[in-house]
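We use all heavy atoms of the structure for the numbers below, so side chains are in, but hydrogens, waters and symmetry mates are not. Indexing begins at 1, ligand by ligand and atom by atom, following the structure's order.
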Amino acid sequence: MSRHAATGVTWVDAWEPAAGAERAAAAFRARFDAEPDGVWSAPGRVNLIGEHTDYNGGLCLPIDLPHRTYVALRRTSAAGTPGAADAVVRLASAQEPDAGLWSAPLADTGPGRVDGWPAYAAGVAWALGAAGHTVGGFDAVVDSCVPYGAGLSSSAALECAVAVALDEAFGLGLADDDAGRTRLVAACIRAENEVAGAPTGGMDQSASLRARAGHALLLDTLDQSVRHVPFDLAGSGLALLVIDTKAEHRLADGQYAARRTACEAAARQLGVATLREVRPDGLDDALARIADADLPADVTRRRVRHVVTEIARVETFVALLDAGRVRDVGPVMDASHASLRDDYEVSAPELDVAVDAARAAGALGARMTGGGFGGSAIALVEVGAVDDVAVAVARAFDDAGFHPPAFLVAEASGPASRTA
Ligand code: GLA
């Protein structure tokens, strides 16, 4: 964190990769009195558009942040060797110094066995093994500059950093190409869904493992196919301001799961595998066929309308990028926010204030990003207006009696990899 004297607002700076790696390595040496085999890292993400579409077979468009989670790791027993069944996982986090060392037999890292943050790390080892990619025991220390609880995928950054670390330490070779990385994504999703117990959709892990620097990742969650869409804001004199509202969101709580359940129930009513099958020109027909069930029909209709229109907005947004018209995406972002606020009902007062204040201060467009109920918003702003928009948002938060927000500037950065 740094407080820029000129503006008085708080900026969350990304660590230089070499510095992040050295922090994790130093913490590893202090904890285990040994050298790690290496340091691996993975980024958090912001989603440009396509929210709550990834568990509906839809499209989304995240970019990787320069903010990364670093994992220093040492293999302590080879996979599949005699005694491997006794392999042990030991974990520590520089973010949780009071939590001390977490330790468990590798065999006890599956669903129902791990609580708290270690689930996102140890769970990946379990999920890799469950998919036939056997790993052995290991020691690891984690450090991170991805803001926690800010809707910027600190969980996925941890999972994916552990995934690429285990991949190399145990010679799995999956991180070497996109097909293998897609399998790492699957393991990270299982860790999050089944071990950590958060029923998330997979966008975050795909972004962290499969995106490219300088590009947005157009992810089609129907078949996990991707297209790397050039995303060069600076060339257009623009910047993407991320506003961490500090209103902490929790994906493991009931609201996210309730939205997912509502979509699945709607798909069943409509006789489709996923809401992706409802196209915009068939939306009115589909809405007319929705009846009262666990939820009143009008609520389910609004949930469906968000998902179908949001998928269409991703297509519009990408078409504008492809046409070199990044300056014209603002209204699409605004429409996404309205839909998330009014139809999907996952915004929060802090997010609405952030978005409204950013627009009033000149942002071309703004929207909440990620799961919602708190977390972060993004605003597309002129490069020269970044500070002014941040100050205006901070002032609006003060006026509303909210905690001061924090800010970062997102540049499409690179995916999970070995750092040192
Ligand atoms: C969270 C989840 C993702 C996705 C978004 C909403 O970030 O982890 O899978 O569903 O919310 O788009």
Side-chain angles (χ1 to χ4, degrees), residues 42-65 67 69 119-120 123 146-160 185-211 216-222 224 226 242 244-245 247-264 274-276 303 306-311 313-314 317 333 336-337 339-341 343-348 351 367-378 410:
R45 62 94 190 94
V46 283
N47 189 20
L48 299 176
I49 192 116
E51 221 64 85
H52 288 276
T53 55
D54 63 347
Y55 50 83
N56 286 300
L59 304 171
C60 51
L61 191 70
I63 61 170
D64 283 341
L65 290 172
H67 300 69
T69 292
Y120 297 91
V146 182
Y148 173 76
L152 300 174
S153 292
S154 57
S155 318
L158 173 55
E159 293 152 8
C160 297
V185 168
C188 292
I189 294 172
R190 281 197 79 180
E192 180 148 337
N193 290 174
E194 298 178 42
V195 184
T200 51
M203 163 174 73
D204 311 339
Q205 295 81 3
S206 296
S208 193
L209 279 157
R210 299 179 69 195
L217 183 79
L218 175 59
L219 171 68
D220 186 335
T221 62
L222 206 52
Q224 306 306 321
V226 297
V242 180
D244 171 5
T245 66
E248 199 170 311
H249 80 144
R250 294 224 169 270
L251 292 183
D253 82 2
Q255 288 294 334
Y256 183 95
R259 294 302 181 281
R260 188 168 179 160
T261 304
C263 290
E264 289 163 359
T274 67
L275 293 180
R276 175 68 175 281
R303 305 294 187 253
H306 165 72
V307 172
V308 174
T309 59
E310 183 75 356
I311 293 169
R313 280 186 288 273
V314 178
F317 194 111
M333 296 171 71
S336 170
H337 186 78
S339 180
L340 288 156
R341 181 191 60 211
D343 275 352
Y344 218 61
E345 297 181 282
V346 294
S347 191
L351 289 166
R367 58 181 291 276
M368 54 157 277
T369 188
F373 310 107
S376 293
I378 52 174

Legend entry - Atoms in ligand 1 flagged as close to G370, the criterion being non-hydrogen separation under 4.0 Å: 6 (C), 11 (O)
Inset, instruction - Look at E345 together with R259 and state whether they make a salt bridge at an N to O cut-off of under 4.0 Å. - result: no
Inset, instruction - Number the atoms of ligand 1 from 1 as they appear, then name those within less than 4.0 Å of a heavy atom of G201, with their elements. - result: 9 (O)
Inset, instruction - Would you mind listing which atoms of ligand 1 come within a distance below 4.0 Å of any non-hydrogen atom of Y55? - result: 10 (O)
Inset, instruction - Check ligand 1 against G202 and write out every atom of the ligand that is under 4.0 Å from a heavy-atom position of the residue. - result: 9 (O)
Legend entry - Single hit among T53, D220, T221 for side chain to side chain donor-acceptor pair (under 3.5 Å) with R276: D220
Inset, instruction - Before signing off on this row, confirm whether S153 and ligand 1 have an N or O atom pair separated by under 3.5 Å. - result: no
Inset, instruction - Just jot down the ligand 1 atoms closer than 4.0 angstrom to any heavy atom of T200, in number order. - result: 2 (C), 8 (O), 9 (O)
Legend entry - H52, any N or O under 3.5 Å of ligand 1 N or O: yes
Legend entry - Interatomic spacing from CD1 in I63 to CD1 in I378 - rounded to 0.5 Å: 7.5 Å
Inset, instruction - Check the angle between the aromatic planes of H52 and Y344 and answer parallel, tilted or perpendicular using the 30° and 60° thresholds. - result: tilted
Inset, instruction - Show which atoms of ligand 1 fall inside a sub-4.0 Å distance from at least one heavy-atom site of D54. - result: 3 (C), 4 (C), 9 (O), 10 (O)
Legend entry - Closest approach of G372 to L351 (non-hydrogen atoms, all atoms of both residues): CA-CD1, 4.3 Å
Inset, instruction - Might you point out which heavy atoms bring S336 and R313 nearest each other, and give the distance in Å? - result: CA-NE, 3.5 Å
Inset, instruction - Indicate yes or no for a side-chain donor-acceptor contact from D204 to the backbone of A156 under 3.5 Å, with no hydrogens or angles considered. - result: no
Legend entry - ligand 1 versus R45: contacting region, heavy-atom distance under 4.0 Å: side chain
